[in-house]
Amino acid sequence: MAGFCPVRWAGHSAIITLPAEIDINNAGQVSDELLRVLDGGAQLLVVDMIRTTFCASDGVHAVLRAHQRAAAMPVTLRLAVGGHAVRRVLELTGTDQVIDTYPSLDAALAGTPARCDGAGARAIEDGAGPGQQAGLAAGE
Amino acid sequence: MDRSPPGGADERRQWLPPAEMTFTMGDLPQVRRFTEEWAWQAGMSAAGATDFVIAVNEIAANAVRHGSPQAALRLQVAADSLTAEISDNGRWQLAMPPAPADDGARAAGGWMGLRIARLACDEVQITLGAGGTVVLLRMPVT
């Protein structure tokens, strides 16, 4: 079912906007759409959860699955997270230590400043921009 | 957010009656709103209420996913804590597949949700009875 999560493209970068609430009822659709946009040729995928106010473990699973697929392709995947409840679930599950997470869309697109101790942080120390970060991810 | 002195909030909390609702899988958004509203009325902080709602949602989802199509939620004030009791007519702890090693698979089976609830709450008590499963969550009022 296309269009459930709006996708915007700029060159080889894509931003997919997730629903306001993600739980068992819609996590399957979210997962499908995340994987579909990855198959669409993005080199950078920003998962926009800025307006997501709640994300259950089912949503975390969908995002982790997309992260695993992205890492294998390789595609750089970053999360933009705004709401407290979502940040809290990512913290409780340790997901914020696995996926580069940013407090705004702009920060996620630029890849700076990184919030977690993942590859994003190392790339920034090396002075790499978004395009080069994709290369760094490929080299890891 | 109410900024009354602690004594006042404690008194108000003792008078707060228990709140109950039944729900199916599609009602989980309402379960979350219901729980959040009640937690605020009980004087829980925003951060505490968030953790409480997160935990209740995970257990409620497990109840209707693995237990029975309809389940029940009861929210109650205890001495210095709030409790949520989620009851279903199944035996979901037995119905859940064994905990897999892979973190990704854990979420699918409901194990990530249980782990989240245990991290967020002081107490998670699962009771398997003849009629079904009851999960008690306890969180201190912070």
Side-chain angles (χ1 to χ4, degrees), chain A residues 4 18-32 34-35 38 47 49-73 77 79 81-99 101 103 116 118, chain B residues 1 23-36 39-40 44-67 69 71 92 96 99-100 102-121 124 139 142:
Chain A
F4 181 69
L18 299 196
E21 296 188 40
I22 307 169
D23 68 10
I24 188 175
N25 291 294
N26 62 359
Q29 282 175 289
V30 170
S31 184
D32 287 348
L34 282 168
L35 297 178
L38 282 173
V47 180
M49 301 182 77
I50 294 296
R51 287 191 187 78
T52 302
T53 56
F54 188 86
C55 182
S57 60
D58 316 84
V60 173
H61 175 56
V63 169
L64 279 171
R65 222 173 125 207
H67 169 74
Q68 276 179 334
R69 171 79 69 89
M73 292 178 84
L77 185 149
L79 290 184
V81 174
H84 172 71
V86 178
R87 275 186 277 123
R88 183 62 175 145
V89 160
L90 296 177
E91 181 186 17
L92 287 171
T93 56
T95 305
D96 60 350
Q97 301 300 308
V98 171
I99 306 179
T101 307
C116 75
Chain B
M1 196 72 201
F23 60 95
T24 60
M25 194 174 285
D27 298 320
L28 287 173
Q30 285 93 293
V31 169
R32 296 194 289 271
R33 281 193 280 282
F34 184 77
T35 302
E36 187 169 46
W40 284 341
M44 189 79 96
S45 68
T50 296
D51 277 12
F52 193 53
V53 169
I54 286 170
V56 167
N57 181 81
E58 294 297 340
I59 299 301
N62 279 355
V64 289
R65 171 176 19 204
H66 295 296
W92 64 258
M96 280 169 67
D102 179 88
D103 265 352
R106 274 178 193 266
W111 286 105
M112 186 184 277
L114 190 52
R115 191 164 135 218
I116 288 169
R118 290 195 191 277
L119 288 170
C121 297
V124 177
M139 270 198 71
T142 52

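This structure is a prediction, so every number in the text was calculated from the model and none was measured. The sequence lines fix the lettering, A, B, ..., with proteins before strands; numbering per chain opens at 1.
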Is A:L92 in contact with chain B via its backbone, its side chain, both, or neither, using a 4.5 Å heavy-atom distance? both

Taking everything shown except A:R51 itself, do over 12 heavy atoms lie less than 6.0 Å from its CZ? no

Under a 4.5 Å cutoff for heavy-atom pairs, which residue among B:I116, B:L119, B:I54, B:V53 has the most contacts with chain A? B:I54

Contact class of B:A47 relative to chain A, heavy atoms under 4.5 angstrom: both

What distance separates A:H84 NE2 from B:T50 OG1, expressed to the nearest 0.5 Å? 4.0 Å

Minimum heavy-atom separation for A:D23 and B:P29, please, with both atom names. OD2-CD, 3.9 Å

Do you know the tightest heavy-atom contact between B:N57 and A:A56? ND2-CB, 3.4 Å

A:I24 side, atom CD1; B:E58 side, atom CD - distance, nearest 0.5 Å: 9.5 Å

Could you walk me through whether A:T53 and B:R32 pass the side chain to side chain contact (heavy atoms under 4.5 Å, CB included) check? CA-CA 11 Å; A:T53 56; B:R32 296 194 289 271; over 6 Å; no

